[in-house]
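Have a look at the structure below before the remarks.
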Number of protein chains: 2
Amino acid sequence: MALSRDESIVALGRASATDSAVDTVVRQIRELIAEAGLKVGDSLPTERELCAQFNASRNTVREAMRILKAYGLVDVRPKIGATITDNRMSRAFELFSFNTMEVSRKTFQDVQAFRDLLEVGSVEQIFDRLKDRDLDDLHRINGQLAENHDLQEASEIDFAFHVRLVSILDNAAILDVYKVMKPIILRIMQKGKTRRTFKTETFSEHEDVLAALSARDRLGFQYRLRTHLMTGFRNFNDEMEATA
Amino acid sequence: MALSRDESIVALGRASATDSAVDTVVRQIRELIAEAGLKVGDSLPTERELCAQFNASRNTVREAMRILKAYGLVDVRPKIGATITDNRMSRAFELFSFNTMEVSRKTFQDVQAFRDLLEVGSVEQIFDRLKDRDLDDLHRINGQLAENHDLQEASEIDFAFHVRLVSILDNAAILDVYKVMKPIILRIMQKGKTRRTFKTETFSEHEDVLAALSARDRLGFQYRLRTHLMTGFRNFNDEMEATA
DNA sequence: CTTAGGAATCTTGGTCCAACAAATAGGCGG
DNA sequence: CCGCCTATTTGTTGGACCAAGATTCCTAAG
């Protein structure tokens, strides 16, 4: 299988032999931001100044700015110029809003396996760090699930429950990754479910997980959480086949 | 403070009164993909054909393509043209590799804990999927570690070894995350080590892990891999304190 | 006659330039 | 204080050239 070209070079900001002029300018602008210590809200030089500074044509600079805009790092407005922003998280979510291309089934499977690894696999660390406050929050969030919500709201609460669970790990890297996968996870949660499903099945599955958590029952926690995750994904798979 | 303009219009593909020409072309290309039912691997028309089709200048089309490239939806190669891809997941994770700013000690700890979870925690799935070919590759990669390399090369090989290990899971999402963490992992690997350390200690620790893997010894695998990871991080911590 | 090799040509993305349009910040005058 | 004007800046266009991969076509060997 032929791998697609590694475009992440741009993202990682390292110089490369295969750098195009646009890639170079992207890197130079990022270096400029870093060296000048520019923060969110600060302004970048005008396009023409960047042209002169980096010895590139205006089109090249503009294409570089398009990339930075797409990554949610700058916000360009006519006459105002470019200012530093940080919309990376919302950009990450938007990536999957493209109705253009359906997210592949393999992607869903991978994400679900990832969730299993993160949530079920981290049982030792979760129990090590578990505080009463965590249990209170989780109960409170799950309580909202029993109220009346539409499908979108219910899945958001379901997601919030799992985020809160993962947050027990107190690991920013893991939490960020989990949040980035949110759009995919939401779709997994919604497929094959009704408002009623969330209020009854999902709610009680969560309660079972919390009971095991409260009782410091590691095996029970793992079993119930894994079962819960598999149940959701089974619904998802049924729906995928039905619509296929 | 003024809110930044809502660029997500582009992502959601709805026409808007404030659409720029580039936004319009992005939407048109997306509609083209949807209507023509183009799948991953299919080719898009050439830039010049898109110009004629959408009645836009070439620069405008190019800026639109830059956006689609940044979103990981198309892959453009000179003389070949643009082909449909779907690297949205890895793009989403890459968004957060823009953290060139100084990495805090907490970040290193989090990443190391993440690695432990990914590599040690996935033992069941690894053993389920393990093929002879995986072991061959791992031995070959580790063999390179025994050769003479400078610190940078050695850490790259060390990283390649762990990537190959994780790749056994056949999970693109996990692999993407692991690759995004590469810069940080490399720094963890390099701290407190010498060229000699890689050739001797790291090499033999890897060999121990592979021996357990070959013997299908799950507990031994977990123990040795975890020990290996902790050893590396202990070096890292010592160095951090020494330089602090 | 067939065909493999290579040379000439065509195509295509990458870059640059110049010009104009549109929008607005900031100054000027009332 | 308010409204108009202008200079500046981004947005867009069309055209040009380049480098290199793809294609075509010719040639020469078999």
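Residue numbers begin at 1 in each chain, while the letters A, B, ... track the order of the sequences. Quick caveat: nothing in here was measured; it's all calculated off a predicted structure.
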Gap between atoms [atom1] and [atom2], on [X] and [N] respectively (whole Å):
| X | N | atom1 | atom2 | value |
| --- | --- | --- | --- | --- |
| B:Asn55 | D:dT13 | CG | P | 8 Å |
| A:Asp75 | D:dG11 | CG | P | 10 Å |
| B:Glu49 | C:dC10 | CD | P | 18 Å |
| A:Glu47 | C:dC16 | CD | C1' | 15 Å |
| A:Arg66 | C:dG14 | CZ | P | 16 Å |
| B:Arg77 | D:dA22 | CZ | P | 9 Å |
| A:Asp23 | C:dT15 | CG | P | 8 Å |

Could you tell me which residues satisfy ring-ring contact (aromatic ring centres under 6.0 Å, His included) with [X], sequence neighbours excluded, listed by chain and number?
| X | value |
| --- | --- |
| B:Phe203 | none |
| A:Phe161 | A:His206 |
| B:His149 | none |
| B:Phe159 | B:Tyr178 |

Ion pair check, [X] and [Y], cut-off under 4.0 Å:
| X | Y | result |
| --- | --- | --- |
| A:Lys106 | A:Asp110 | yes |
| B:Arg27 | B:Asp19 | yes |
| A:Glu94 | A:Arg91 | yes |
| B:Asp136 | B:Arg164 | no |

What are the atom names and distances for every N/O pair under 3.5 Å that joins the protein to nucleotides 17-24 of chain C?
{"from": "C:dC17", "atom 1": "N4", "to": "A:Asn59", "atom 2": "OD1", "distance (Å)": "3.4"}
{"from": "C:dC17", "atom 1": "N4", "to": "A:Asn59", "atom 2": "ND2", "distance (Å)": "3.1"}

> Looking only at side-chain N and O atoms, does B:Thr60 come under 4.0 Å of OP1 or OP2 in D:dT13?
Replying inline: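 Checking B:Thr60 against D:dT13: at least one side-chain N or O falls below 4.0 Å of OP1 or OP2.
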
> Does A:Arg62 put a side-chain nitrogen or oxygen below 4.0 Å from OP1 or OP2 of D:dG11?
Replying inline: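 For D:dG11, OP1 or OP2 has a side-chain N or O of A:Arg62 closer than 4.0 Å.
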
> Quantified as the angle between the terminal helix axes (five pairs each), what is the overall bend of the helix from C:dC1-D:dG30 to C:dG30-D:dC1 to 10 degrees?
Replying inline: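 Inter-axis angle at the ends, rounded: 10°.
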
> Can you name the nearest heavy-atom pair linking B:Arg129 to B:Ile168, along with the distance?
Replying inline: CD-O, 3.4 Å

